[in-house]
Structures are given as C-alpha cells and as structure tokens.
Amino acid sequence: MGATGRTGKRVVEALLRAGEPVRAIGRSEASLAALVRAGAEVRVGDSSDAGFLTEAFRGASGAYTLLPYDLRVEDYRAQQARMGEAVVTAVREGGVGHVVALSSVGADQGTGTGPVDSLHAQEARLRTLTGVNVLVLRAGSFFENFFDVLPVIRHQGLAADVVEPARPIPMIATRDIADAAATALRVRDWKGFVVRELLGPRDLSYAEATRILGERIGQPELPYVKLPPDDMAAALIEGGFSQDLARLYVELAQAINDGRVRSLEGRTPANTTPTRFEDFADELARAYAAM
C-alpha cells in the first residue's frame, strides 16, 4: 500500500531489487508508472474500498499496510476507520499470511493522542485476524515532517510548533522504516501479533533539531518558538489542514508534552535505526535553497 509514498515506494523498490514479485497499490496510474518500469505489477484504486483492496491483496504472501490520509479530510477518524476496516477485510479475504503494518509510538494509549488514536484502533482490528502473522512497526516522529517547517522559516525566520522545545522525542527517517518493513517482508520471521518499535538513532528535541537545521541553511541562530495551541491550530488551518485534523495535531503535541507518547521498549540496538538527523538535514537544506 502507499506505493508512491515515502515508505511504500522504498519498500517496493527494495523488494524489486531483491528479486521479489511486487504488487504496488496506489490511486493514480501516472504516479505508479515508474514502478511499472521497474518491474512492479500495479493496482489502481481507492484503498478504502474493501472490494478493490481484497483483489489487490489476493494471492500475496505478505502485505505492507498503512493508513494514508488527506490533510483536508473533514472527519479524520471516520476516514481512517473506513480504510482500516478495508485493510483487515482485504487481508482476511485475500488470504495474506504475513502483514507489516505501519503504526506509531504512542499507539498503546488509545485516547487523547490525536491522529495516533486511529492507529491504536487499527492495531486492535489487526489483532482480530486469525491465522495471520502481523508485525506492527511503531515508529517515531518522521524527520520528513520538517519539510513542512521550511516555508515558515523562509517567510517568518523561525520554526514553530506546540511541542515543548526541550522535550526529547524519538525521531526517524522514513527510509529506515521502509528498510525495516522490506526486510521483514522478505524474511517473515515472526509469528502471531508482534509489535516492534523503530526509534531513530537517538531522541531529539525540537530545539536541537531546529539548531541543526539552522546551521545547515546558514542561520545558526534560527529560533524555535513554542506556540499556544489555538495559534498552532490556526496556522495549520491556514496551511491547508482541515479544522478536525488541526485540532488532532495539537492534541498529539500536547500528549507528547505530557509524556504520554513515548517508547515502551526503551532504546535498544534492535529499535535504533541508522539515519541521523544531522545527515538528513542536508536534504532539508537543499529543499530550502530551492524554494
């Protein structure tokens, strides 16, 4: 699933390089064209349509699943529930034996964590599957989220969010999530329902990430500003978020501040991934320079 997205595309490419037959699922034939050229079979359709998704999954030995969303969706949780139910139906009816599902640190909570609440609900749906081996990857916050901060830096000279500036957070590059998912789909070495965390190379605060990014773009004094919740929600809405998703985003940030969105495993060699923010910041700097 999500074969044109940040994790899904890399999963497809990694499996193709390994000689695996891959079926890539997306909403647009044009956006999937490069994967066709690379050797993937494609299915084009709506991933909230259980019938479409079941046929796309049918005959697959393993599936990578996630719940993509539109920033403008008016009822985020309802949209995520429809897609989540379609995924579970497709796995069950399509006969898939192994599933790797993208989730998030904090999905253990279930309430008060904004968009992550929907991932808690999806994990519960996946637990109902019998005879299917499900691996849930609970990932930290994406490095790629900082791409959305670049226009704010360009126009206002600062980075801003609701998260406390010094709060350490597990942050990860999506490439490391995709690599873990692709490896899992190849080896299929787990049984039953298993949760694994992916925490990035180290916990990182927004203040430190802003400092690193500022150095890369030639602004070593770039400030990070903690916004009041209402101001952040208004800024998100102005940037294209629906009111519902803006509210949920702020709720998630407040749950992070409260220490509710955290690793349950603690950091280990198994859940520590290689890509450092210091290296990823070079990609952010190139994108900033191109604006």
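Nothing here was measured: the structure is a model prediction, and the numbers come from that model.
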My understanding is that only residues two or more places apart in sequence, or in another chain, count here; which of them pass side-chain hydrogen bond (donor to acceptor under 3.5 Å, both in side chains) with E93? none
A side-chain contact here means heavy atoms from C-beta on lying under 4.5 Å apart; do R27 and D46 qualify? yes
Using a 3.5 Å distance criterion without hydrogens, assess whether the side chain of T128 forms a donor-acceptor pair with backbone atoms of R125. yes
Which pair of heavy atoms, one from E164 and one from N257, lies closest together, and at what distance? N-OD1, 2.7 Å
Do any pairs count as a ring pair (Phe, Tyr, Trp, His ring centres under 6.0 Å) and have a residue in residues 195-236, sequence neighbours left out, and if so which ones? F146-Y206, Y206-Y224
Can you find a pair of side-chain heavy atoms, one from L264 and one from E197, that are under 4.5 Å apart? yes
Does the distance from a Lys or Arg side-chain N to an Asp or Glu carboxylate O, for R196 and D189, drop under 4.0 Å? yes
Tell me, yes or no, whether the heavy-atom count around R154 atom CZ, taken from other residues, nucleotides or ligands under 6.0 Å, exceeds 12. yes
Contacts table for residues 132-141: side-chain donor-acceptor under 3.5 angstrom, sequence neighbours left out:
from, atom 1, to, atom 2, distance (Å)
N133, OD1, G192, N, 2.8
N133, ND2, H98, NE2, 3.3
R138, NE, E123, OE1, 3.4
R138, NE, E123, OE2, 3.0
R138, NH2, E123, OE1, 2.7
S141, OG, N145, ND2, 3.4

Any ion pair linking R260 and D258 (charged N to carboxylate O, less than 4.0 Å)? no
N-O pairing of R77 and D244 below 4.0 Å: no
Is any side-chain heavy atom of I237 closer than 4.5 Å to one of Q243? yes
May I have all residue pairs that pass ring pair (Phe, Tyr, Trp, His ring centres under 6.0 Å) and include part of residues 67-97, sequence neighbours excluded? Y69-Y76
Can you list every pair that meets ring pair (Phe, Tyr, Trp, His ring centres under 6.0 Å) and has a residue in residues 110-142, with sequence neighbours left out? none
Side chains of D161 and L227 in contact at under 4.5 Å (non-hydrogen atoms): no
Does any non-hydrogen side-chain atom of L284 lie less than 4.5 Å from one of R216? no
Under the rule for side-chain hydrogen bond (donor to acceptor under 3.5 Å, both in side chains), what residues qualify as partners of E55, not counting sequence neighbours? R58
